[in-house]
Amino acid sequence: MEETGAGFRKELVSKLLHLHFKEDKTKVSGDALQLTAELLKIFVVAAIRSVRQAQAEELGCVDVDQLEKVLPQLLLDF
């Protein structure tokens with residue numbers, strides 16, 4: 001995902017958000033969908049990089065330590 005620059009489609013983000021709304025009538029603006037899609041993209045990239053960091057350290061699972069190591073990279077990328 002991070003190599004292609006792909007993101008989440010607005011339709012998918014809208015469905016994900018609406019799954020957690022208590023009222024069916026709740027609406028989300030296009031800007032809110034775009035922002036949420038960007039946040040999801042950053043979250044997924046952070047998760048992928050944390051997994052790679054854990055693998056490089058030959059660990060069986062990701063811990064907060066790996067996330068802390070990749071966070072500075074995210075500031076440069078986004």
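Given the structure is predicted, the values throughout are model-derived calculations rather than measurements.
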* Sidechain-backbone polar pair: E57 side chain, A54 backbone, donor-acceptor under 3.5 Å -> no
* How would you list all residue pairs meeting side-chain hydrogen bond (donor to acceptor under 3.5 Å, both in side chains) that involve residues 13-33, not counting sequence neighbours? -> S14-H18
* Verify side chain to side chain contact (heavy atoms under 4.5 Å, CB included) between T36 and L17, making sure each step is shown before the conclusion. => CA-CA 9 Å; T36 305; L17 289 174; 4.2 Å; yes
* Asked: Below 4.0 angstrom, N of the basic side chain to O of the carboxylate: do D77 and R49 qualify?
  -> yes
* Are V44 and V13 in one and the same hydrophobic cluster, where Ile, Leu, Val, Met, Phe, Trp and Tyr link if side-chain heavy atoms are under 4.5 Å apart? -> yes
* In Å and rounded to the nearest 0.5 Å, what is the CD to CD distance from E68 to Q53? -> 11.5 Å
* **Linked, directly or transitively: V51 and L67 (ILVMFWY side chains, under 4.5 Å)** => no
* **hydrophobic_cluster_shared for I48 and L40, side chain cutoff 4.5 Å** => yes
* Among residues two or more places apart or on two chains, list those pairs meeting ring pair (Phe, Tyr, Trp, His ring centres under 6.0 Å) that have a residue in residues 26-47. => none
* Asked: Any side-chain donor-acceptor pair under 3.5 Å between Q34 and E38?
  -> no
* F21, L35: one ILVMFWY side-chain cluster at the under-4.5 Å cut-off? -> no
* Heavy-atom closest contact (L74 atom, A46 atom, distance) -> CD1-CB, 3.4 Å
* Spacing of CG belonging to D65 relative to OG belonging to S50, to within rounding of 0.5 Å -> 10.5 Å
* Please test L16 against F8 for side chain to side chain contact (heavy atoms under 4.5 Å, CB included), starting from the C-alpha separation and ending with a verdict. => CA-CA 11 Å; L16 288 171; F8 291 91; 5.6 Å; no
